[in-house]
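Chain naming here is simple, since letters A, B, ... match the order of the sequence lines and numbering starts at 1 in each. As the structure is a computational prediction, the values presented were derived from the model and not from experiment.
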Amino acid sequence: MSVVWEAGVSAREDEWLWGWDHTPGIVSVWSEGDGVVHVWRRVDGALVREDVRFRPWLLLERAEDLAHLGSRLGRDGDRTRITIRELAGPGALRHLVRADDLATLTAAVTHGASARLGHRVGHVRELGEGVLLLAPEEQYLVATGRTYFRDLAWPDVRRMQFDLETTGLDAARDRIFLIAVREPDGRAETLEATDGTDRGEAALIARLVERVAAVDPDVIENHNLHGFDLPFLEQRARILGVPLALGRVGAGLRQRTAQRGVAVGDRGSKRRIRFIAPGRELIDTLDAVRRHDFAARDLPGHGLKAVARHLGLAGPDRELIRGDKIFATFARDPERVRRYAIADVEEVAGLSRTLGGAAFALAQMAPRRYERVADAGAATGVIDPLLVRAYLRAGAALPAHEPGDGTTHSGAALHLFAAGVAHRIVKADVASLYPSLMRAFKIGPARDRQGALLALVDRLVTQRLAAKAAAKLAPPHSAERHRHEGTSAALKLIVNSAYGYLAAGGLTRFADVHAANEVTRRGRETLALMCRELAARGVTLLEADTDGVYAAVPPEWTEADERRAVAEVAALLPPLVQLEFEGRYAAMLSHEPKNYALLAYDGALTMRGVAFRSSRAEPYGAAFLRDAVRALLVGDVPGVRAAYLAMVTALRERSLPTIEVCARVRLTKSPGQYATIRDTRREFAYEAMIASGRTTWSIGERVRVYRTAQGGRVIDEPDEDVGDDDDDDELGPLSPILRDNRNDPRDYDAEHYVRMLRDQFATRLARALAPDDFAVVFADPDQLSLFTPPLAAMRPILTTMIEDDAQPRGT
DNA sequence: TCATACCGGGG
DNA sequence: GTGTACGGTATGA
């Protein structure tokens, strides 16, 4: 009996995650809400379009808004034009209303609501929380239990990439002169305007449209597709009067409001949109990059070139051209721009395959279009639709959104126990702490009577472990492995956002600040327990943050001792909360909370936090910090002094190239704007531009500026900045070409940069040395002192904070 | 100096 | 008819 019941629950919860209708091969869905849904499917590789009858639905709080229909209102199952069915349970949205088409449905509701409220209700959305109306395709997917891509593997979906090359960034003024296209079979080529006229550009756009129609891809991709290429293309097509039929139905692009889209209309109206090409899915690899980096946080930046290089997708002789020089380069050396543009589309295809697996897998679960799943956040974009579908499948009424009761949300714990240098470091942390606590203590939203969120989290965790295991078993680089890894990444993403869903205030349907606070309270409790128990085993606590602890172990401990201590503490934590031995390091410089440097046993140096890595920081300072911190962490105080002296000498003798002292700044004012405020307030960067003879520049331009005895100057940016990949300890961030600049005037203000070295950079080491020692190590070589204590006798120190300095902080 | 507003990307 | 979070930098009081 109970076994049968368990099986029933299990099947039901599977349906909550994956849907229940196993129609294979769906690659796109589109509906105008007219009672017909266009479904494109890949069947044995061929594309099939099915036009399905479908009755649109909405959820309504007040049935009386339909009372005016009288006998024309049918019960669910009738073939009358509008039907209503009451759902079970306490939720506010308890009437499921359907009709043959959306217009009839919404007209009936607004008519009734107008009468009830005594004023004209023009659109159901004016009913706010009293109604739930999804996009027509989502209504279809929710009601049928179908999802995208069932039984399809990644290569089964036809993907095409295109990338515009333009004369500038402003579509009102600049033109498209070249388009790189890559077809599903991997062939890539460029389409080019024959001349710089309207006619030439219009013909180019028309050729792109023809090519898309001929290739007929299911998916169109590019990096920043929704932020740049599509809006630019749409505006140029509109200006030139070229029809932009990139979809499989309709004459042009459609749009939807999207917070993460581009601003449209005159400034002031804050409407942001993304474009839709019905019948195809428009996928932006920038979304995949952001989603990946959200969890991994290992990318040097989110630009195409930087990410492609980081992931090993870029060829060794990848053509690089600075954005503002592409058009000019094309005039001189068109082949170079062609290679550049083709590399772009090829990298996009590689990026999509490498990072796109999560969205591909999510689309097989959530009742939304693939492109929506790909660009949505996990909480409102994935979990909420899953919950809506689960409730409707269970025949249960949905709660409406509710504003919080004023309770503030409390966050994670952060403690700094000691600052300075410590040795034999162990890092222990809990993987997926918050979802683990939700599972362990059954913390879910109070209004979730079905227990759907916790059931989903449980299932997601189990299935993720299965997907991870399956990925490990599959051959490296195989399609199968790729699929399992994508599934695993997708599941992890949703699992980890379950807590965010709880804590999202009024943004999510089942948000519950009390439940969220219970999760973080348990989290702080768990972290405190970990710290206490680790300390009881003889380690020195250094820093603890949310779900992890850094600590120094006694000199006589072996790695086995370290692992044993962590395992002992792990055994004291609640079941399902798994403390892991995350890593061990030779030494750590603890500076401030979230600001530290780690020296691994293999010699690799990692620096974290603003104090140690700022993209703005002058390269010479960063280079000095790397050398000095490394010396410090191996206990070599004379080495710290030597690094300092070497840099001071290089500055004073001007053997250091100018670019090493430059700061990168972004110009945010136009020459005209700056001219108007110049008399009231001078700004260094602009003065440096003017002093260097630069009278024109564009807003957003990045320049490198440095200080001279007279003022400031700028130097030109290198060819293209790909971002520092941060596997440092090579030559630093500069290219050899720049180091070898023969025209370098080296007229920087050396004393200014010496002061900066001491006051801005050396201070990062202050907590690791006794004050007297610090003064000696960073004393100016020109100021002789009668008595200097021997550097070799100095040792880095570690200062333990008193209890009050361990600062718990809310978010 | 500290708080807050805004950005991340694309040519 | 939608909605991330976070760490960094630029800005204003």
Side-chain angles (χ1 to χ4, degrees), chain A residues 58 123-126 128 131-136 138 163-171 173-178 222-233 255-262 270-274 284-287 289-291 293-295 297 299 301-307 321-330 337 340-341 344 348 372 375-384 401 493 496-497 499-501 503-509 511 594-595 608-611 613-617 663-669 681 683 685 698 700-701 720 723 811:
Chain A
L58 54 75
H123 196 282
V124 287
R125 87 171 65 106
E126 291 167 35
V131 68
L132 172 69
L133 177 63
L134 301 179
E138 291 178 17
D163 183 50
L164 307 183
E165 302 304 333
T166 68
T167 59
L169 291 169
D170 180 1
R173 197 184 60 213
D174 300 312
R175 289 189 190 280
I176 305 165
F177 67 90
L178 180 149
N222 194 18
H223 202 66
N224 205 14
L225 177 71
H226 286 287
F228 177 72
D229 297 82
L230 279 176
F232 198 103
L233 182 62
Q255 36 184 267
R256 61 184 164 92
T257 55
Q259 196 72 289
R260 301 250 322 277
V262 285
K270 281 200 200 138
R271 209 167 104 85
R272 293 179 153 271
I273 60 118
R274 280 192 172 201
D284 193 332
T285 48
L286 179 58
D287 291 323
V289 164
R290 290 209 256 240
R291 181 176 273 175
D293 201 36
F294 179 61
R297 291 204 269 186
L299 295 177
H302 293 171
L304 175 64
K305 285 83 177 168
V307 177
I321 310 172
R322 235 173 73 183
D324 60 353
K325 298 208 166 139
I326 290 169
F327 184 51
T329 305
F330 187 66
V337 175
Y340 169 84
D344 273 7
V348 166
R372 290 289 296 111
D375 78 32
T380 52
V382 180
I383 293 183
D384 212 54
H401 284 76
L493 187 83
N496 287 337
S497 63
Y499 158 76
Y501 184 93
L507 290 183
T508 54
R509 184 169 304 280
K594 293 178 189 280
N595 282 272
R608 287 270 153 76
V610 225
R613 36 184 309 160
S614 160
S615 67
R616 251 218 62 156
R664 294 189 67 199
V665 299
R666 193 174 200 125
L667 302 175
T668 55
K669 299 182 176 77
R681 194 163 61 153
E683 291 184 39
S698 48
E701 190 174 336
E720 177 159 22
T811 47

### Query
Within this structure, what is the CG-to-C1' distance between Asn496(A) and dC6(C), rounded to whole angstrom?
15 Å
### Task
List for me each residue that meets ring pair (Phe, Tyr, Trp, His ring centres under 6.0 Å) alongside Tyr501(A), sequence neighbours excluded, and say none if there are none.
none
### Heavy-atom pair with the smallest gap, counting every atom of Leu286(A) and His302(A)
CD1-O, 3.6 Å
### Task
Sequence neighbours left out, what passes salt bridge (charged side-chain N to carboxylate O under 4.0 Å, His left out) with Asp284(A)? Give chain and number order.
none
### Query
By side chain to side chain contact (heavy atoms under 4.5 Å, CB included), which residues pair with Thr166(A), not counting sequence neighbours?
Leu164(A), Ile176(A), Phe228(A), Phe232(A)
### Message
Output the rounded distance in Å from CG (Asp375(A)) to P (dT2(C)).
### Response
10 Å
### Message
Rounded to whole Å, please give me the gap between OH in Tyr499(A) and C1' in dC6(C).
### Response
14 Å
### Query
What residues form a salt bridge (charged side-chain N to carboxylate O under 4.0 Å, His left out) with Arg372(A), not counting sequence neighbours?
Asp375(A)
### Task
Using the C1' atom as the reference point in each nucleotide, state the distance between dC6(C) and dG11(B) in Å, no decimals.
28 Å
### Query
Starting at CG of Asn595(A) and ending at P of dG7(C), how long is that distance when rounded to a whole Å?
11 Å
### Query
Between atom CZ in Arg322(A) and atom P in dG11(B), what is the gap in whole Å?
14 Å
### Message
Going by the rule salt bridge (charged side-chain N to carboxylate O under 4.0 Å, His left out), which residues pair with Arg175(A) if we only count those two or more places apart in sequence or in a different chain?
### Response
Asp198(A), Glu201(A)
### Query
Which part of the nucleic acid, if any, lies within reach of Arg372(A) when heavy atoms closer than 4.0 Å are counted: base, sugar-phosphate only, or nothing?
sugar-phosphate
### Rounded distance in Å - NE2 (His401(A)) to C1' (dG1(C))
12 Å
### Query
With rounding to whole Å, what would you report as the distance between dG3(C) and dG10(B) at their C1' atoms?
24 Å
### Task
Using salt bridge (charged side-chain N to carboxylate O under 4.0 Å, His left out) as the criterion, list what pairs up with Asp324(A), not counting sequence neighbours.
Arg322(A)
Dump every N/O contact between nucleotides 1-3 of chain B and the protein below 3.5 Å, one line per pair.
none

### Task
Determine the Euclidean distance between corresponding P atoms of dT4(C) and dC6(B); express it in Å to zero decimal places.
16 Å
### Query
Which atom pair, heavy atoms only, marks the closest approach of Ala376(A) to Arg291(A)?
O-NH2, 2.6 Å
What protein N or O atoms touch nucleotides 7-10 of chain B N or O atoms at under 3.5 angstrom, if any, and at what distances?
from, atom 1, to, atom 2, distance (Å)
dG9(B), OP1, His302(A), N, 2.8
dG10(B), OP1, Leu304(A), N, 2.7
dG10(B), O4', Asn224(A), ND2, 2.9

#### Entry: Length of the OH-P vector between Tyr501(A) and dA5(C), whole Å
13 Å
### Message
If I take atom CG in residue Leu133(A) and atom P in nucleotide dG1(C), what distance separates them, rounded to the nearest angstrom?
### Response
9 Å
### Message
So, using side chain to side chain contact (heavy atoms under 4.5 Å, CB included) as the criterion, who are the partners of Ala135(A) when residues are at least two apart?
### Response
Glu137(A), Glu138(A)
